[in-house]
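Single-structure report; data block below.
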Amino acid sequence: MFWNKEMETLKGDALESLQLKRLKWTIRQAENIPFYKKMLNESGVDADGIRKVSDIRKLPFTRKTDLRTGYPFGFFAVPKKQVVRIHTTSGTTGKPTVVGYTRQDLDNWSELIARNMTMVGLTDEDTFQNAVNYGLFTGGLGFHYGAEKIGMTVVPSGTGNTKRQIEMINDFGVTALHATPSYAMHLAEVAESMGTDLPTLKTGLFGAEPWSDNMRKALEQKLNVRAFDSYGMSEMYGPGAAFECEERNGLHFWHDSYIVEIIDPKTGEVLEPGQKGELVVTPIVKEAMPLLRYRTGDITMILEDECPCGRGAKIARLTGRSDDMLVIRGINVFPSQIEDVLQSIPEVGDQFMVYVDRVNHLDEMKIEVEIKKEFFNGELRDLERIQRKIQDQLKAILQVRTEIALVEPESLPRFEGKAKRVIDKRGDKF
Ligand code: DLL
């Protein structure tokens, strides 16, 4: 099903000319921002110098640190009275990045969310529980308005009060659920303890953090849903930028609203489809806060295969950001790889925590792993067998030796938003 078939399936010259027109408009819009005015002057490029979409490569990149220099409103391209909403990124250190929206931006954004939800089969017949934070985080209000645009019955539950959330799903006949994968896992756990298998649910929309294919299988089985991956970031409006279709073989990036490139994060060289690198995004319809070649820090690749659904360009699921990659004795490890291995082991429960430290100048990784209730009270030799199994499988996939500590079910922290599963204590030890 399509929300806007013409835009979603635009191809060839028609797509090139729409993107070119919007890219030129975006460059002119960006000139209203002192940072970009200076950057464009210095690089000697302006909208007239862009004759085809690939000329975008003439423009310099924008980095997250650049946006910080403009705190709070220095990257707004319109007078503040035209900014009708503000969100911020969830920066844990220093000031957050502030993003602004005009009325038109909010319309554009809800259109994208409406496309995503329609693409996975949701309609005005559905009841939608939006179990993400409704504050400055873009996930809550972003999905809310997209779902209302379609005419779904929206339950704006936010996060927390998890038992009540489960009751609402059952009492209101909720068919579609939106949550971070971490919170969805917690919801599943609480549903299980309440003895319900959530019979009305059918669709799960999960995103805002990396989650593995094995996590998908676990969530589908526990929550009785078909699960779809949703990608976005505050600087691109929020969620909605890219989303899986029914094929679930990559995420469609909305090509009429974003131009997508993949670069080598070290050299800045643009990579070919099929090559993994850092995702660089130029939104081309944003009024309040245009961005040029924004370096996301997220690692993925462009997939070129024609999707049977008829829509355009896709990116591969995101395994993590270049900055959550752990380097353990020279080997790159993403927390999502650890999750994938753990989820494939039947004795393992839902939660884990990773601790990295440097002992005698060597990196050591310790992982606390919850195991399922039925295995916890078993014999010591069973526990040792499980421990070795986890260690061996992690070693086989990650090429890194880990220390595994099995811990009691329900003893590790649960997360309502994005999970923080890694504690790296190496920072000040060399
Ligand atoms: O997380 C927007 C969002 C809300 C997306 C709800 C999906 C659902 P930020 O808080 O600005 O925005 O964080 C953006 O989160 O750069 C990625 O590193 C990560 N991320 C978002 N979606 C995914 C995903 C929202 N599906 C940052 N897979 C991004 C992996 C994701 N990582």
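Whatever order the structure lists ligands and atoms in, that order sets their numbers, starting from 1.
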Structural part of Met233 in contact with ligand 1, heavy atom criterion under 4.0 angstrom:
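Met233 to ligand 1: contacts from backbone and side chain alike.
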Can you see which heavy atom on Lys149 is nearest to which on Trp3, and at what distance?
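Of all heavy-atom pairs spanning Lys149 and Trp3, the closest is O-CH2, 3.7 Å.
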[atom] - nearest protein heavy atom and its distance:
{"atom": "atom 27 (C) of ligand 1", "answer": "Lys418 NZ, 3.9 Å"}
{"atom": "atom 28 (N) of ligand 1", "answer": "Glu209 O, 3.4 Å"}
{"atom": "atom 3 (C) of ligand 1", "answer": "Pro239 CB, 3.7 Å"}
{"atom": "atom 29 (C) of ligand 1", "answer": "Asp298 OD2, 3.2 Å"}
{"atom": "atom 7 (C) of ligand 1", "answer": "Ala208 N, 3.2 Å"}

Compute the minimum heavy-atom distance from Phe137 to ligand 1 and say whether it is under 4.0 Å.
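Flag set, Phe137 near ligand 1.
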Provide the number and element of each atom of ligand 1 under 4.0 Å from a heavy atom of [X].
{"X": "Ser234", "result": "9 (P), 10 (O), 11 (O), 12 (O)"}
{"X": "Asp229", "result": "24 (C), 26 (N)"}
{"X": "Gly139", "result": "4 (C), 6 (C)"}
{"X": "Arg321", "result": "16 (O), 18 (O)"}

Do Trp211 and ligand 1 have an N or O pair less than 3.5 Å apart?
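Between Trp211 and ligand 1, no N or O pair is found under 3.5 Å apart.
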Please say whether Thr89 places an N or O atom under 3.5 Å from an N or O atom belonging to ligand 1.
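No, no N or O pair falls under 3.5 Å.
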CZ of Arg329: more than 12 outside heavy atoms within 6.0 angstrom?
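Yes, because the 6.0 Å sphere around CZ of Arg329 holds more than 12 heavy atoms from other groups.
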If the plane angle is over 60° it's perpendicular, under 30° parallel, otherwise tilted; pick one for Trp109 and Tyr237.
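Plane angle under 30°, so parallel.
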For a quick check under 3.5 Å, do Glu339 and Ser212 share a side-chain donor-acceptor pair by atom type?
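Distance-only check passes for Glu339 and Ser212.
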Could you tell me the separation between the CG atom of Asp66 and the CZ atom of Phe75, rounded to the nearest 0.5 Å?
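Reported to 0.5 Å precision, the distance equals 5.5 Å.
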Pair Arg115 + Glu111: basic N to acidic O under 4.0 Å:
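Here Arg115 pairs with Glu111 in a salt bridge, since their nearest N and O are under 4.0 Å apart.
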Any heavy-atom pair between the side chains of Met119 and Phe2 that's under 4.5 Å?
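No, side chains not in contact.
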Give the single entry among Gly207, Pro210, Pro181 that approaches atom 30 (C) of ligand 1 most closely by any heavy atom.
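Of the listed residues, Pro210 has the closest heavy atom.
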Heavy-atom nearest option to atom 5 (C) of ligand 1, drawn from Gly232, Ala241, Gly417
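Looking at heavy atoms only, Gly232 sits closest to atom 5 (C) of ligand 1.
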Hey, which of Gln343, Lys222, His186 is the one that makes side chain to side chain donor-acceptor pair (under 3.5 Å) with Asp350?
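Between Asp350 and the candidates, side chain to side chain donor-acceptor pair (under 3.5 Å) is satisfied uniquely by Lys222.
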Within the 6.0 Å centroid threshold, strictly below: Phe206 and Trp211:
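Ring centroids of Phe206 and Trp211 are less than 6.0 Å from each other.
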Taking the six-membered ring for Trp, is the centroid-to-centroid distance between His144 and Phe128 below 6.0 Å?
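Ring centres of Phe128 and His144 not closer than 6.0 Å.
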